[in-house]
Amino acid sequence: MVIVTEMKYLGFVLCLCVGALGGKYSREINEQNASVDGKNPIEFRIAKLNQVWEKAIRMQMPPVRQAELHSDLKIQEKDELQWKKHKAEGLDENGEREAKLRRNFNVILAKYGMDGKKDTRTLENNNLKDHDIREGDVFEDPRLDKLWNKAKSSGKFSEDELQSLRREFQHHKDKIHDYNIFMDTVTRTEEIHKNVISPLEGDVKEHAVHQKHTELKQKMRELNNGFERLRKISHEGFSEDSEFREPRVIELWEMARTANLTEDELDSLKEELKHFETKVEKHQHYQEQLELSHQKLKHVEALGDKEHIMRNKEKYNSLAEKTREMGYKMKKHMQDLTNKISPDGLPHNEL
């Protein structure tokens, strides 16, 4: 009898836990400041984001990748808390924004290999150091490989320009991968919910599906434009009046030039993009320092000097925190710039 009672109680507790984690944003779960054991601080105010973060730590994800995940989760947290406020004000009646947030979350899980589906992308190399690139490295896309090999052998580029160009090629390769993740996530989500009874019926449901495919088409258009830019540079070299160096900034500037902006707005945006580029470069520098610090910490741990280990661990933890913080600010700034250039665009996490 005692055993049965205990099992019933355990079942009741589990039901409570499942209910709390079901996305209802309860105050007890979503606004915690400390974990149950009172030792490890809670990183996020939303329970499911904490679960992802804790899993990443258990997986011993590479430090730079872990910092990138933290930044993406912070952006997701900001968007979800903002949605919660809007929903309370009755501003998401058809659930469209909620669906986008759910899709963004699934994209994050897929991007970092936490959705239970094997990711064929190499995770060990964060592609931070241009001088570490081996001759045998390829971009896993025949068109990119052909362009890259032509650019390398053309004699039109200095070493610095080749490094800049390679960053653009790598950025394009990452965008192809992100597009494939997004497309796969949309497809799987549609399959899962195809036969599920939903309040989104008739015209409303059709509109939601249309929005997903509109976003996919926009991403494909961006990929095509990016490839055309790489093709042009590979054939003609960098122009003398190149405004920016970083691929993400170049992409934003190209978007701005084709948007419906006045000359004054473009001039103002150009200045803001220069500040943003400095932020991107500074973040990249911290990523490199974090990776080096991690390598040094592993070396020191192998030697076994506790005092030395403690000093290096403190430095590493400080760098990790700074890199995560800068990553979030950079991605938030990019999100703001994207919305400024395309005010009617779909809000999303920059993967």
Side-chain angles (χ1 to χ4, degrees), residues 72 75 79 96-97 99-108 110-111 121 139-148 151 164-190 206-236 238-239 242-262 265-266 269-270 272-273 276-277 280 330-331 333-351:
D72 282 341
I75 293 287
D79 289 344
E96 187 176 310
R97 191 166 180 176
K100 289 175 190 173
L101 286 170
R102 190 184 304 115
R103 190 163 66 250
N104 285 343
F105 179 65
N106 289 334
V107 167
I108 289 173
K111 176 184 175 183
R121 184 173 55 174
F139 294 101
E140 299 171 11
D141 182 302
R143 297 197 306 168
L144 289 182
D145 289 334
K146 185 176 180 180
L147 277 183
W148 173 244
S164 295
L165 183 60
R166 195 190 190 286
R167 283 201 299 273
E168 288 207 42
F169 270 82
Q170 183 61 46
H171 178 66
H172 190 79
K173 173 189 168 183
D174 291 341
K175 285 186 73 68
I176 292 173
H177 185 263
D178 292 344
Y179 172 82
N180 289 334
I181 285 177
F182 184 82
M183 183 170 62
D184 183 59
T185 302
V186 168
T187 302
R188 281 191 287 164
T189 302
E190 287 181 355
E206 186 178 338
H207 176 69
V209 172
H210 176 71
Q211 285 291 96
K212 292 178 188 176
H213 290 284
T214 298
E215 195 168 351
L216 272 172
K217 286 179 183 177
Q218 176 61 30
K219 287 178 179 292
M220 176 54 75
R221 194 155 45 240
E222 290 172 6
L223 279 177
N224 289 335
N225 291 341
F227 181 79
E228 279 305 304
R229 172 181 163 77
L230 288 176
R231 188 186 62 77
K232 184 178 179 182
I233 294 174
S234 298
H235 283 79
E236 302 174 8
F238 286 102
S239 62
S242 295
E243 299 285 349
F244 304 102
R245 299 176 302 276
E246 288 299 323
R248 279 171 286 192
V249 186
I250 292 168
E251 195 170 47
L252 285 171
W253 179 238
E254 293 296 326
M255 283 174 56
R257 289 171 63 181
T258 57
N260 189 25
L261 299 177
T262 66
E265 287 173 331
L266 273 177
L269 186 64
K270 185 187 291 184
E272 189 173 357
L273 284 173
F276 177 62
E277 184 169 60
V280 171
M330 185 199 72
K331 292 190 178 191
H333 195 175
M334 184 161 187
Q335 192 181 58
D336 293 341
L337 284 166
T338 304
N339 290 335
K340 182 182 291 187
I341 296 168
S342 305
D344 298 324
L346 297 168
H348 63 282
N349 287 337
E350 178 64 26
L351 294 176

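These numbers come from the heavy atoms of this one structure, side chains and all, not from hydrogens, waters or symmetry mates.
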* Asked: Heavy-atom distance under 4.5 Å between the side chains of Glu254 and Phe244, does that happen here?
  -> no

* Asp79 vs Gln335 side-chain heavy atoms within contact, under 4.5 Å -> yes

* For the residue pair Phe182 and Val107, what are the closest heavy atoms and their distance? -> CD1-CG2, 3.8 Å

* When rounded to the nearest 0.5 angstrom, what distance separates NZ in Lys270 from CH2 in Trp253? -> 4.5 Å

* Side-chain heavy-atom pair Asn225, Met255 within 4.5 angstrom cut-off -> no

* Rounded to the nearest 0.5 Å, how far apart are CG of Leu223 and CZ of Phe227? -> 11.0 Å

* To do: Taking the side chain as every heavy atom from C-beta outward, state whether His333 and Glu272 have any pair of such atoms under 4.5 Å apart.
  => yes

* To do: Please report the shortest heavy-atom distance between Glu265 and Asn260, naming the atom on each side.
  => OE1-O, 4.4 Å

* Asked: NZ of Lys173 to CD1 of Ile176: how many Å apart, nearest 0.5 Å?
  -> 9.5 Å

* Asked: Distance only, no hydrogens: is a donor on one side chain within 3.5 Å (strictly under) of an acceptor on the other, for Glu228 and Asn224?
  -> no

* Structure fact -> Value for CD1 (Ile250) from OG (Ser164), rounded to nearest 0.5 Å, stands at 8.0 Å

* For Asp72 and Lys111, which heavy atoms make the closest approach, and how far apart are they? -> OD2-NZ, 3.1 Å

* For residues Leu147 and Phe139, determine if any side-chain heavy atom of one lies less than 4.5 Å from a side-chain heavy atom of the other. => no

* To do: Mark yes or no for whether Glu277, through its side chain, and Arg245, through its backbone, hold a donor-acceptor pair below 3.5 Å.
  => yes

* In Å, rounded to the nearest 0.5 Å, how long is the span from CG of Asp141 to CH2 of Trp148? -> 14.5 Å

* To do: Quick one: closest heavy-atom pair of Ile341 and Leu252, and the distance?
  => CD1-O, 3.5 Å

* Is a side-chain donor-acceptor pair under 3.5 Å present for Arg167 with Gln170? -> no

* Have His171 and Glu246 got a donor and an acceptor in their side chains that come within less than 3.5 Å? -> no

* Structure fact -> Separation between NE2 (His172) and CD (Glu251), nearest 0.5 Å, reads 9.5 Å

* **Over all atoms of both residues, closest heavy-atom pair of Ala256 and Leu261** => O-CD1, 3.8 Å

